[in-house]
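Before any comments, here is the structure.
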Amino acid sequence: WLKLYFKSCKCKMNDQEVTLSSILYYAHEGNYRHIQTALLDLLKRFGSDSVLLFWKGFGMILEDRIIEGIRELSMLQDRPELLLCVPLALIHAHKKCNTVDREAIQQLEGQIRNSRSSCTDKAFYYGSIVLWLTNRHDK
């Protein structure tokens, strides 16, 4: 419905921005299956965009498909715009596992500390969205 709203009010947003906003809406409302559906369509139209691949992996984690999500996100760790959100999402995934890998969590937290100074504005933006969606408002 969000995409239809933006089309009806003739906003000057591109398709990817509109769909990303709908993905955020679905994630906030807990409709994780809709995230995957929207992303399949987007990935067909825009190709292998790293931000879209991140949301696909993070959506899998939110759907409790943790191993698949970790696999998807592990391939994206070197992208500059994803320097914060990938480790944050991976930490969330590891904490959701039955057996928590504390060593992996410490390594990811160290990665976040080391990359803070070189992050772009988009990296902070995506990182803050992950914190918001995982209810980590204290960070």
Side-chain angles (χ1 to χ4, degrees):
W1 71 268
L2 195 59
K3 193 172 183 179
L4 292 173
Y5 169 75
F6 282 119
K7 283 185 179 180
S8 68
C9 71
K10 297 182 177 22
C11 292
K12 299 288 183 192
M13 296 177 77
N14 65 32
D15 285 347
Q16 192 172 8
E17 288 173 334
V18 171
T19 309
L20 283 175
S21 63
S22 62
I23 288 168
L24 292 178
Y25 172 77
Y26 293 143
H28 185 259
E29 293 297 314
N31 298 322
Y32 307 128
R33 189 72 233 155
H34 290 297
I35 294 172
Q36 298 302 317
T37 305
L39 282 168
L40 286 176
D41 178 50
L42 268 178
L43 287 167
K44 285 178 188 173
R45 288 193 285 159
F46 295 106
S48 297
D49 181 68
S50 59
V51 174
L52 297 178
L53 291 172
F54 166 76
W55 287 111
K56 180 182 175 195
F58 187 56
M60 289 176 177
I61 291 168
L62 294 174
E63 273 188 306
D64 290 328
R65 294 169 41 203
I66 296 170
I67 302 302
E68 293 173 78
I70 289 174
R71 191 176 316 122
E72 288 281 329
L73 293 179
S74 295
M75 296 183 289
L76 302 171
Q77 288 187 336
D78 60 339
R79 306 289 163 77
E81 67 273 14
L82 304 176
L83 278 177
L84 289 176
C85 62
V86 169
L88 288 169
L90 288 171
I91 289 170
H92 179 70
H94 282 290
K95 288 182 178 180
K96 286 180 77 168
C97 288
N98 291 335
T99 306
V100 178
D101 186 353
R102 302 222 182 272
E103 185 177 321
I105 291 174
Q106 287 177 346
Q107 182 182 9
L108 291 164
E109 287 172 345
Q111 184 180 342
I112 291 170
R113 277 191 297 277
N114 293 337
S115 64
R116 275 190 201 162
S117 61
S118 62
C119 285
T120 64
D121 290 341
K122 276 194 172 186
F124 282 112
Y125 171 71
Y126 292 130
S128 64
I129 290 174
V130 169
L131 290 172
W132 174 62
L133 291 173
T134 58
N135 293 319
R136 293 181 58 199
H137 306 288
D138 56 327
K139 300 287 178 178

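We're numbering straight along the sequence, starting at 1.
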Value for CG (L133) from OH (Y26), rounded to nearest 0.5 Å, stands at 14.5 Å
When rounded to the nearest 0.5 Å, the distance separating CD of Q77 from CE of M75 is 11.0 Å
Are there more than 12 heavy atoms of other residues, nucleotides or ligands under 6.0 Å from atom CG of D121?
no
- Task: Decide side-chain contact (heavy atoms from CB on, under 4.5 Å) for I35 and E63; before the verdict, give the C-alpha distance in whole Å, the side-chain angles of both, and the deciding distance to 0.1 Å.
- Result: CA-CA 10 Å; I35 294 172; E63 273 188 306; over 6 Å; no
Interatomic distance, CZ@R45 vs CG@L52, rounded to 0.5 Å, equals 9.5 Å
Correct closest heavy-atom pair for G127 and L88 would be O-CD1, 3.6 Å
Value for CZ (R65) from CD (E72), rounded to nearest 0.5 Å, stands at 8.5 Å
Closest non-hydrogen contact found for L82 with P87 is O-CD, 3.9 Å
Discussion item. Any non-hydrogen side-chain atom of R136 less than 4.5 Å from a side-chain atom of H92?
Written reply: no
Q. Side-chain heavy atoms under 4.5 angstrom apart, residues restricted to Ile, Leu, Val, Met, Phe, Trp, Tyr: same cluster for L43 and F58?
A. yes
All heavy atoms of S74 vs all of L90, minimum pair found to be OG-CD2, 4.4 Å
Is it true that the side chains of S50 and E81 contain a donor and an acceptor less than 3.5 Å apart? yes
Verify, without hydrogens or angle tests, whether N31 (side chain) and H34 (backbone) share a donor-acceptor contact under 3.5 angstrom.
no
* Asked: Any link between V100 and I91 through a network of hydrophobic side chains (Ile, Leu, Val, Met, Phe, Trp, Tyr) touching at under 4.5 Å?
  -> yes
### Query
So, K56 side chain and L39 main chain: donor-acceptor pair closer than 3.5 Å or not?
no
query = Do M60 and Y126 sit in the same hydrophobic cluster, where Ile, Leu, Val, Met, Phe, Trp and Tyr count as joined when their side-chain heavy atoms come under 4.5 Å apart?
reply = no
In terms of heavy-atom contacts, V130 and A89 come closest through CG1-N, 3.9 Å
key: L40-Y32 co-clustered via ILVMFWY side chain contacts under 4.5 Å   = no
Is the count of non-hydrogen atoms from other residues, nucleotides or ligands lying under 6.0 Å from E103 atom CD greater than 12? no
When rounded to the nearest 0.5 Å, the distance separating CD1 of I70 from NZ of K96 is 10.5 Å
If you define the side chain from C-beta out and look only at heavy atoms, does anything of R79 sit under 4.5 Å from V86? no
Here the gap from Q36 atom CD to L62 atom CG, rounded to the nearest 0.5 Å, amounts to 9.0 Å
Practice problem: Measure the shortest side-chain to side-chain distance between R71 and I66 over non-hydrogen atoms and say whether it is less than 4.5 angstrom. | Solution: no
Heavy-atom nearest pair, C119 first then F124, reads CB-CE1, 3.6 Å
Do W132 and L83 sit in one hydrophobic cluster, given that two such residues count as connected whenever their side-chain heavy atoms are within less than 4.5 Å of each other, even indirectly?
no
_Within the supplied structure, the quantity of interest is the number of heavy atoms (other residues, nucleotides, ligands) at a distance under 6.0 Å from Q107 CD; does it exceed 12?_
no
Residues P80 and T120: closest non-hydrogen pair is O-OG1, 4.3 Å
